[in-house]
Amino acid sequence: MIEVSNLQKTYNGITVLNIPQLTIPQGESFGLVGNNGAGKTTFFRLILDLIEATSGEVKINGQKVARNDDWKAFTGSFLDEGFLIDFLTTGEYFNFVGKLYNKSEGDIALFMESMQDFFNGEILGTKKMIRDFSKGNQKKIGIAAALLGEPKLLILDEPFTALDPSSQIRLKRLLNDLQAASQITMLISSHDLNHITEVCKRIVVLEKGDMVKDLQTNTDTLKELEAYFAV
Amino acid sequence: MLILDLIKQEWKKSTRSRGFYKNVVANLFLGIFALYIIIVFLFLGFSLNSMLEKTHTSLTPMEMVNGAMLYLILGALTIRFIMQQLNTFNLPLYQTLPIKRSALVNFLLLKPIFAPINYFTLLVVLPFAIKSVAGYYSGIIALRFVLSFVFIIWFDSLTASYLKRKFGSSLLAFLAILIVLASIAALEYFKLFSLFAASKVVFGFIILNPFGLLIPLAAVLLAFGLNKGFFSQNYYPERFNQKLKGAKVSTADFSFLNRFGIIGELISLQIKLMLRHKRTRTILLTSAVFLFYGLLFYTHHYNGDGMLFFIAVFMTGILMLMYGQWAISWDSNHFDSLMTKNIPVRSYVTANYYLMIAFNILCFVLTTPYFLFGSKIIYMHIAAFFFNSGVNIFLLLFFSTFNTKRVDLSRSSAMNYQGTTYKSFLIVLPIMFLPMLLVSILSWVASLSVALWTVSLLGLTGILLRKPLINICINQFNSRKYKLAEGFREQE
């Protein structure tokens with residue numbers, strides 16, 4: 001699904017990301033961990049064509065992402081609040097996003113119904129603008145909007161932070177159900193090693209822009225990661 | 001001492017903000033503009049005396065100024081109500097520190113008084129006081145005259161921020177003020193009640209009587225007290241913000257646009273954006289005011305053809321010009337969203353194109369009353385409409401990709417230059433002045449009709465060639481996309 005070759009990103013002579021080769025097959029749940037500044041968000045932005053690679057390229061389904069619109073139709077993503085349109089109400093926002101992915105009003109209503117549990121009854125049916133919601137609820141709105149288009153590729157940057165404990169558990173269940181039900185490819189970054197090992201089948205560790213570990217998740221993975229990050 | 005610390009911190013906040021040094025060129029433009037205003041004001045101040053002496057009344061120049069004083073106060077209040085930015089500072093940040101509440105409120109209220117822009121009027125007042133008041137009366141009276149102006153500036157500044165905090169800067173409040181002003185003017189005109197006479201008596205007393213200055217001083221204290229009272233009731237930010245925002249969302253329905261697919265969705269999104277942010281609402285309001293610009297120019301016959309065409313381009317394209325300069329920057333807050341959701345770049349650029357065409361049609365229709373000024377104006381407006389829709393629109397679409405500065409929509413009102421760089425000026429100058437130059441030259445060399453036909457045909461060509469021209473803009477957008485995304489992500 002995703003092929004990365006010779007990807008490099010340099011800011012003022014400092015290389016912040018360097019991935020010589022990486023392939024993420026369809027249906028894989030791919031976890032990305034690393035301390036602050038490791039290049040996780042930079043990598044995601046490169047995949048989403050929000051920054052220009054210094055060299056190398058990212059391909060989705062064999063097509064370069066750079067200056068291309070084709071991948072947008074089946075990709076859902078949420079990195080930060082910039083992915084929301086904060087002066088809309090939640091209803092307007094979901095309608096807008098739904099229309100972009102050719103969903104009918106019925107489809108959208110059905111989807112929102114399925115999200116009721118995740119939203120914990122706090123998000124739908126108010127006339128509040130998105131900017132007036134708490135950080136946690138904004139995150140839920142963004143994640144839901146990323147899922148609304150029934151994406152084949154889902155990219156979430158630290159989806160668990162700012163969520164309350166119950167919501168974290170609900171999100172884990174939601175992501176695992178999605179994997180079981182469809183051939184969705186997921187790229188998720190997190191600082192919480194527990195969560196990421198529970199959700200992802202493959203985990204890559206970044207350090208200062210380099211891939212230092214590439215693990216298939218098994219019962220020992222959590223221990224290995226904890227040992228790696230121990231100070 | 002504490003207030004001094006707070007002032008220092010605010011100063012650091014502005015000088016250490018990222019935009020401050022980067023923006024030297026834009027500040028230079030603004031500086032030149034300020035210099036221009038200073039010179040004009042000084043000139044007015046020095047010549048006001050002789051100008052007033054030439055009018056055929058028995059009043060001294062100062063008496064005439066006194067008569068106009070209440071009008072000046074009301075007018076200044078109105079302008080401040082529209083333009084003055086409320087002094088906000090991060091109250092919650094300081095609320096938790098052991099600082100007395102009254103110290104914070106005092107700082108919030110008194111800071112605007114130290115802004116130099118408030119005292120621009122003194123550039124007129126001081127020379128006038130020295131030349132005229134001191135001449136007709138005495139030096140001490142001239143001093144009182146100047147002091148009364150300082151008090152009035154304080155009064156206006158405090159009252160405007162009180163009214164603004166109390167009523168918000170809604171369109172309704174603005175209309176209410178206009179109605180009040182219009183009715184006062186009507187009373188004066190029909191000689192039912194003369195504010196001029198009342199003002200002359202009151203300010204004559206204030207300036208000539210040794211204790212007269214106590215009146216404006218009392219007014220300042222009253223305005224200050226009103227503000228304090230407001231804050232004692234609305235100290236907590238949540239209540240305060242309620243007052244400011246009204247937290248109401250007008251969910252006006254633009255669903256008729258849905259028929260047009262993604263482009264329709266984007267246009268309706270953009271209209272919502274404009275209606276729900278202060279800064280864009282101010283643009284709508286100022287555009288509406290500028291539509292009356294023609295009354296100033298079309299009524300005189302000594303304007304050259306180039307100048308008239310400039311006005312025509314300006315009025316029939318005002319919304320497009322105001323919006324188009326920042327066509328992409330308006331989306332800076334949610335640019336990542338638009339770039340990653342299923343929105344082809346073509347749809348995004350085309351949506352902006354059609355929105356601006358719609359603005360042009362709207363402005364053209366709204367300015368049709370000017371057709372009453374004669375057939376020349378009709379031809380001017382039609383030519384300007386074509387030129388705007390066929391040439392200027394593409395210049396805006398193309399060059400707006402150079403505005404990579406994040407535009408913060410939430411804080412603002414008129415005279416807000418946040419997000420303005422020298423590029424913003426570079427975009428507008430050719431758009432405004434090239435057609436003016438073209439028409440002047442052609443109507444001088446050949447004739448006005450040749451000039452108007454030329455610009456109209458240029459515009460029509462642009463409209464007919466819109467497909468390839470939009471493609472050029474799309475390519476331009478694609479090549480600037482990363483710069484835009486990066487610039488927009490940078491918070492100030």
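What's counted below: heavy atoms across the whole structure, side chains too, no hydrogens, waters or symmetry copies. We name chains A, B, ... by the order of the sequence lines, and we start the count at 1 in each one. Computed from a predicted model, the values in this text were never measured in an experiment.
When heavy atoms are compared at a cutoff of 4.5 Å, Ala66(A) approaches chain B by way of both its backbone and its side chain. In this structure, the portion of Leu84(A) lying under 4.5 Å from any heavy atom of chain B is its backbone and not its side chain. When heavy atoms are compared at a cutoff of 4.5 Å, Lys341(B) approaches chain A by way of both its backbone and its side chain. Heavy atoms closer than 4.5 Å to chain B are found in both the backbone and the side chain of Asp49(A).
Of all non-hydrogen atoms in Thr89(A) and Arg276(B), the two that sit nearest each other are N-NH1, 4.1 Å. The two residues Asn342(B) and Tyr101(A) come nearest to each other via the heavy atoms N-OH, 3.1 Å. Between Leu88(A) and Lys272(B), the closest heavy-atom pair is CD2-CD, 3.7 Å.
Heavy-atom neighbours of Lys208(A) NZ from other residues, nucleotides or ligands within 6.0 Å: at or below the threshold of 12.
Atom OG of Ser337(B) is separated from atom OH of Tyr93(A) by 4.0 Å, given to the nearest 0.5 angstrom. Atom CG of residue Leu100(A) and atom CG of residue Leu266(B) lie 6.5 Å apart, to the nearest 0.5 angstrom. Interatomic distance, Thr340(B) OG1 to Phe44(A) CZ, rounded to the nearest 0.5 Å: 13.5 Å. Leu50(A) contributes atom CG, which lies 5.5 Å from atom CZ of Arg489(B) (distance to the nearest 0.5 angstrom). Note that CD of Glu52(A) is 10.0 Å distant from NZ of Lys481(B), once rounded to the nearest 0.5 Å. With rounding to the nearest 0.5 Å, the separation of CZ in Arg67(A) from OH in Tyr482(B) is 4.5 Å.
Ranked by heavy-atom pairs under 4.5 Å with chain B, the list Ala145(A), Gly82(A), Ser77(A) is led by Gly82(A). Of the listed residues (Leu48(A), Ile85(A), Asn68(A)), the one with the most heavy-atom contacts under 4.5 Å to chain B is Ile85(A). For the options Leu338(B), Leu484(B), Asn478(B), heavy-atom pairs under 4.5 Å to chain A are most numerous at Asn478(B).
Distance alone, capped at 3.5 Å, is enough to place a donor-acceptor pair between the Lys72(A) side chain and the Met339(B) backbone. In this structure, Asp336(B) contributes its side chain and Phe83(A) its backbone to no donor-acceptor pair below 3.5 Å.
Between Phe87(A) and Leu269(B) the shortest side-chain heavy-atom distance falls below 4.5 Å. Taking the side chain as every heavy atom from C-beta outward, Asn333(B) and Arg131(A) never approach each other to under 4.5 Å.
Every residue meeting the salt bridge (charged side-chain N to carboxylate O under 4.0 Å, His left out) condition with Lys103(A), not counting sequence neighbours, appears here in chain and number order: Glu150(A). Shown here are the side chain to side chain donor-acceptor pair (under 3.5 Å) partners of Asn120(A), two or more places apart in sequence or in another chain: there are none.
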